[in-house]
Amino acid sequence: MDLDMKVWKRMFQELIREVKPWHTWQLTLDKSLLPNILKPGWAQYQQWTFAWFQCSLCSRNWASAQVQVLFHMHWSEGESRGQVKMRVFAQRCQKCAQPSFEVPEFTEENISRILNNLVLQILKKCYREGIKFVKSPMIKDIALKGPHNSDNCEACLQGFCVQNDMGLAVQSPIALPFPTISSPTLGITAEMPPTSGSTREEAVKKKKIKK
Ligand SMILES: [Zn+2]
Ligand SMILES: [Zn+2]
């Protein structure tokens, strides 16, 4: 079953018209969207949120605070037209032997918060407006216990989940931070994304020269 886009589309139009009343923007579902793989000129916004699921086989309900909603957005100045593509990552039932992936159900409150964040990101990334992006937090209906069920999470199975980040949040507060000293066995320079600051790269280079 596909996500019901009616509420999403209506709320998105309301929000974007408040800030860009003369511009046409369209929000569509695209199940092939992949995090960090962007066409030239497109921007990305990723939000992890709380949502509910229901198994279509056994009707069991569960909630997850690690539901990823992914947006790619593009503003075409020439056409005076904006496009937003959206993908929601699914989860499947832990109790059934051959469960299928289920689409989450979001509360209207969280849909509104996600879309509010999206519109702020559009102003910032597509219109280059110097706004200060203050992200609306997501609302959890219930407190969740236990680890994230990675085996049944579509985003985890495809390598796009944030289970490590969220894992730290539920662990004891004395959880060790990531080591700042990099292991010499790691291919640090090769793995460094191009966006990371030059200072770190320079530091690595200096270190290597010292050796
Ligand atoms: Zn089930
Ligand atoms: Zn996951």
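This chain uses plain numbering: 1 for the first residue, then up along the sequence. Counting starts at 1 for both ligands and their atoms, following the listed order.
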Exercise. Indicate, with yes or no, if L118 and W42 share a hydrophobic cluster defined by side-chain heavy-atom contacts under 4.5 Å among Ile, Leu, Val, Met, Phe, Trp and Tyr.
Key: no
Quiz item: Counting distance only, does the side-chain N/O of Q47 pair as donor-acceptor with the main-chain N or O of V69 below 3.5 Å?
Solution: no
Quiz item: So what does the C156 SG - the Zn ion (ligand 2) - C153 SG angle come to, to 10°?
Solution: 120°
Quiz item: Can you list the residues that meet the ring-ring contact (aromatic ring centres under 6.0 Å, His included) rule with F133, with sequence neighbours excluded?
Solution: none
Self-check item: Positive for side chain to side chain contact (heavy atoms under 4.5 Å, CB included) with Q91, one of S64, C55, P99, P104
Solution: S64
Practice problem: Could I get the full list of side chain to side chain contact (heavy atoms under 4.5 Å, CB included) partners for I142, not counting sequence neighbours? | Solution: F50, W52, A63, L144
Quiz item: Taking the Zn ion (ligand 1) as the centre, how many protein N/O/S atoms fall inside a distance shorter than 2.8 Å?
Solution: 4
Exercise. Check the pair E129, K20 against salt bridge (Lys or Arg N to Asp or Glu O under 4.0 Å), reporting the backbone distance first and the verdict last.
Key: CA-CA 12 Å; E129 291 184 10; K20 296 287 167 194; 2.7 Å; yes
Quiz item: How is the hydrophobic cluster of F160 composed, in terms of its other members, when Ile, Leu, Val, Met, Phe, Trp and Tyr link through side-chain heavy atoms under 4.5 Å apart, directly or indirectly?
Solution: L33, L34, I37, L70, F89
Exercise. Name whichever N, O or S atom of H148 ends up nearest to the Zn ion (ligand 2).
Key: NE2
